Amino acid sequence: MSEKTPKLRAALDGVPTYKPGKPAAEGGPAAYKLSSNENPYPPLPGVLERAVAAAGAFNRYPDMACTGLMAELSERFGVPTEHLATGTGSVGVAQQLIQSTAGPGDEVIYAWRSFEAYPIITQISGATSVQVPLDDGEVHDLDAMLAAVTERTRLIFVCNPNNPTGTVVRRAELERFLDAVPSDVLVVLDEAYREFIRDAEVPDGIDLYRDRPNVCVLRTFSKAYGLAGLRVGFAIAHEPVAAALRKTAVPFGVSQLAQEAAVASLRSEEALMERVDALVAERTRVATALAEQGWTVSESQANFVWLRLGERTVDFARACEQAGAVIRPFPGEGVRVSIGETEANDIFLKAAEAFRKEL
C-alpha cells in the first residue's frame, strides 16, 4: 500500500491552537471558572422558555437567513437589514471577514497581545499576520498600526475593549485613525464587550460605521447576554461587506435555538442592564482591591481584569486554582481574570493577596 498521506494546505503548518479557558475541576478544589469571560448569570427572563420551545422543532433546519433575528437587530440598532450578517459567535463572523478580504500574499493587522483567535483565523486563510505591540499602557498603538499599513493590507482589527487587557481606544484617537486608513482597507471594530464600557469617551462603533463604508462592527451574544453556549454573533457593515459575509457563512450555522434566544435577549434589555451594572460594580471592587494589595492593574472596560505578571504568571494561576478559582494565564505575559459571582471574586482576591505576601 502507498505510504502517501492526503495533501493538506501548507498554510496550516504551525497554526496555533485556540486555548479555551480551563474549566473548574470536577470534585477538586477549584469551584469557580473565571477563565472564559462568561456571564455568571443564567439566561435572561423569557430566554430559556423561548429556546426550549424552539427545541421542539430541531428535527428541522434553522432559518438560514435568520429572518426574525435580523429584523430585531435592525430595529434595535437602527440599521438596514442589508447591513447585517450573523455567524457562530463574533469569532465566526471574524473568520468570515478574513475569508472575504484576505488570502495568500495579503496582510491582516492587529494589536498584540489581543484576541488570540486573530492569528489563527488569519493563518488559516493563508494571509500574513502583522502584529503591532500594545503601548506601555496596554492600549492599541494606533499610530504604529497605521504605520504598518502597506499596499498588501486588507483588514485591520481593533479590539475595543481589548481582550485580554480590557483597555480601550477613545473617540478622538480612533476617529483620527479611521480617517487616515486607506478607504480600501477594512477596519473591524471588535466590540464583544461593548455593554460593559462606562468610559464616556469610548465611541459606539455603530456611530462610526454609518458614514464610513470601510468600517465594520462586530458584536456577540456570548458575553453580556449570556448565550456563550449557543454561539451567535453578528456584524454591522455597509452592504458590500455584509453581503460578502453572508456568502461566506456556514449554511445553517446559527441554530434556531440560538436565533430565538437572541431575539428574546434583545427584548429583555432592562434585566440585561441590571446584570451588566452588577458585573461592572464587581469589576470596580475587584480592581480596587487588587490595587490596594499592591498590584498594577490596567483600567478595564470589559468583564475581566488583567495583571501583567511576566515569569510569575503560571505560578500565580496555579495558586488561584488551588484556592478555588480557575483563571486564564498567558505564560510569560500575564493573567486575565473574568468577573464572576461575588463568592468567586472573593476567592480570587484572597488568593491574590496571599500570593502577593509571598513575593
Side-chain angles (χ1 to χ4, degrees), residues 62-102 108 110 115 121 154-161 169 171 174-175 177-179 181-195 197 202-225 227 230-256 258-267 269 272:
D63 175 7
M64 185 169 154
C66 297
T67 307
L69 177 56
M70 295 279 268
E72 200 77 23
L73 290 170
S74 174
E75 181 178 353
R76 169 66 178 79
F77 295 105
V79 300
T81 55
E82 295 80 12
H83 286 202
L84 289 163
T86 57
T88 53
S90 58
V91 66
V93 185
Q95 185 164 21
Q96 293 164 228
L97 281 162
I98 293 182
Q99 289 174 328
S100 300
T101 58
V108 176
Y110 50 87
F115 184 30
I121 59 180
R154 297 293 176 266
L155 184 148
I156 303 172
F157 282 111
V158 177
C159 191
N160 202 32
V169 175
R171 180 180 303 277
L174 183 54
E175 289 184 341
F177 173 77
L178 293 176
D179 290 343
V181 171
S183 60
D184 60 351
V185 174
L186 183 65
V187 180
V188 180
L189 304 180
D190 188 345
E191 297 185 337
Y193 302 93
R194 169 68 203 173
E195 293 83 1
I197 294 174
V202 181
D204 185 325
I206 297 174
D207 294 336
L208 300 178
Y209 116 93
R210 295 189 188 279
D211 61 353
R212 292 177 171 85
N214 68 326
V215 171
C216 170
V217 179
L218 278 185
R219 297 281 179 91
T220 183
F221 285 92
S222 297
K223 308 305 181 185
Y225 288 96
L227 301 184
L230 290 180
R231 313 309 303 129
V232 54
F234 62 98
I236 298 176
H238 287 264
E239 192 164 0
V241 175
L245 291 176
R246 292 192 291 272
K247 289 179 182 178
T248 53
V250 173
F252 306 107
V254 181
S255 72
Q256 200 64 41
Q259 294 179 40
E260 298 294 334
V263 168
S265 296
L266 286 167
R267 295 176 181 177
E269 193 81 9
L272 169 74

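The chain is numbered in sequence order, starting from 1. Here the structure is a predicted model, which means the values were calculated and not measured.
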Within-4.5 Å side-chain heavy-atom neighbours: Lys247 and Ser100: no
Going by ring pair (Phe, Tyr, Trp, His ring centres under 6.0 Å), name the residues that satisfy it together with Tyr225, two or more places apart in sequence or in a different chain. Phe221
Phe177 vs Val169 side-chain heavy atoms within contact, under 4.5 Å: no
Are Asp204 and Arg219 within salt-bridge range, i.e. N to O under 4.0 Å? yes
Rounded to the nearest 0.5 Å, what separates atom CG in Asp207 from atom CZ in Phe77? 11.5 Å
So how far is it from Leu73 CG to Ile236 CD1, rounded to the nearest 0.5 Å? 7.0 Å
Rounded to the nearest 0.5 Å, what separation is found between the CZ atom of Phe234 and the OG1 atom of Thr220? 8.5 Å
Are the side chains of Asp184 and Asn214 in contact, using a 4.5 Å heavy-atom criterion? no
Residue pair Gly205 / Leu189: nearest heavy atoms and the distance that separates them: CA-CD1, 3.8 Å
Are any side-chain N or O atoms of Thr248 and backbone N or O atoms of Ala244, one a donor and one an acceptor, separated by less than 3.5 Å? yes
Distance-only donor-acceptor pairs under 3.5 Å for side chains of residues 79-96, two or more places apart:
unit_1, atom_1, unit_2, atom_2, d
His83, ND1, Tyr209, OH, 2.7
Gln96, NE2, Leu245, O, 2.8

Check the pair Tyr193, Asn160 against side-chain contact (heavy atoms from CB on, under 4.5 Å), reporting the backbone distance first and the verdict last. CA-CA 8 Å; Tyr193 302 93; Asn160 202 32; over 6 Å; no
So, do Leu155 and Val188 sit near enough that their side-chain heavy atoms are less than 4.5 Å apart? yes
Tell me the closest heavy-atom pair linking Leu272 and Ala224, and the distance in Å. CD1-O, 3.3 Å
Within the structure provided, determine whether Val187 and Cys216 are in side-chain contact (heavy-atom separation under 4.5 Å). no
Can you tell whether the side chains of Arg212 and Asp179 come within less than 4.0 Å, N to carboxylate O? yes
Could you give the distance from CG (Leu208) to CZ (Arg171), rounded to the nearest 0.5 Å? 6.0 Å
Atom of Leu69, atom of Ala262 and distance for their closest heavy-atom approach: CD1-CB, 3.7 Å
Between Arg154 and Val185, is the side-chain contact (heavy atoms from CB on, under 4.5 Å) condition met? List the steps. CA-CA 5 Å; Arg154 297 293 176 266; Val185 174; over 6 Å; no
Counting only heavy atoms from other residues, nucleotides and ligands, does the tally under 6.0 Å from CD of Glu75 exceed 12? no
Is the backbone of Leu97 close enough, under 3.5 Å, to the side chain of Thr101 for a donor and an acceptor to pair up by distance? yes
Are Val202 and Arg194 packed together at the side-chain level, in the sense that at least one heavy-atom pair is separated by less than 4.5 angstrom? yes
Where Pro62 and Gln256 come nearest, the two heavy atoms and their spacing: CA-OE1, 3.2 Å
Should Pro203 and Leu174 count as side-chain neighbours, where that means a heavy-atom distance under 4.5 Å? yes
So, does Gln259 use its side chain to make a donor-acceptor pair with the main chain of Gly68 at under 3.5 Å? no
Heavy-atom closest contact (Pro213 atom, Val241 atom, distance): O-CG2, 4.5 Å
If we only count heavy atoms from C-beta on, is the Asp190 to Val217 side-chain gap below 4.5 Å? no
Residue list, salt bridge (Lys or Arg N to Asp or Glu O under 4.0 Å) with Arg267, at least two apart or on another chain: Glu72
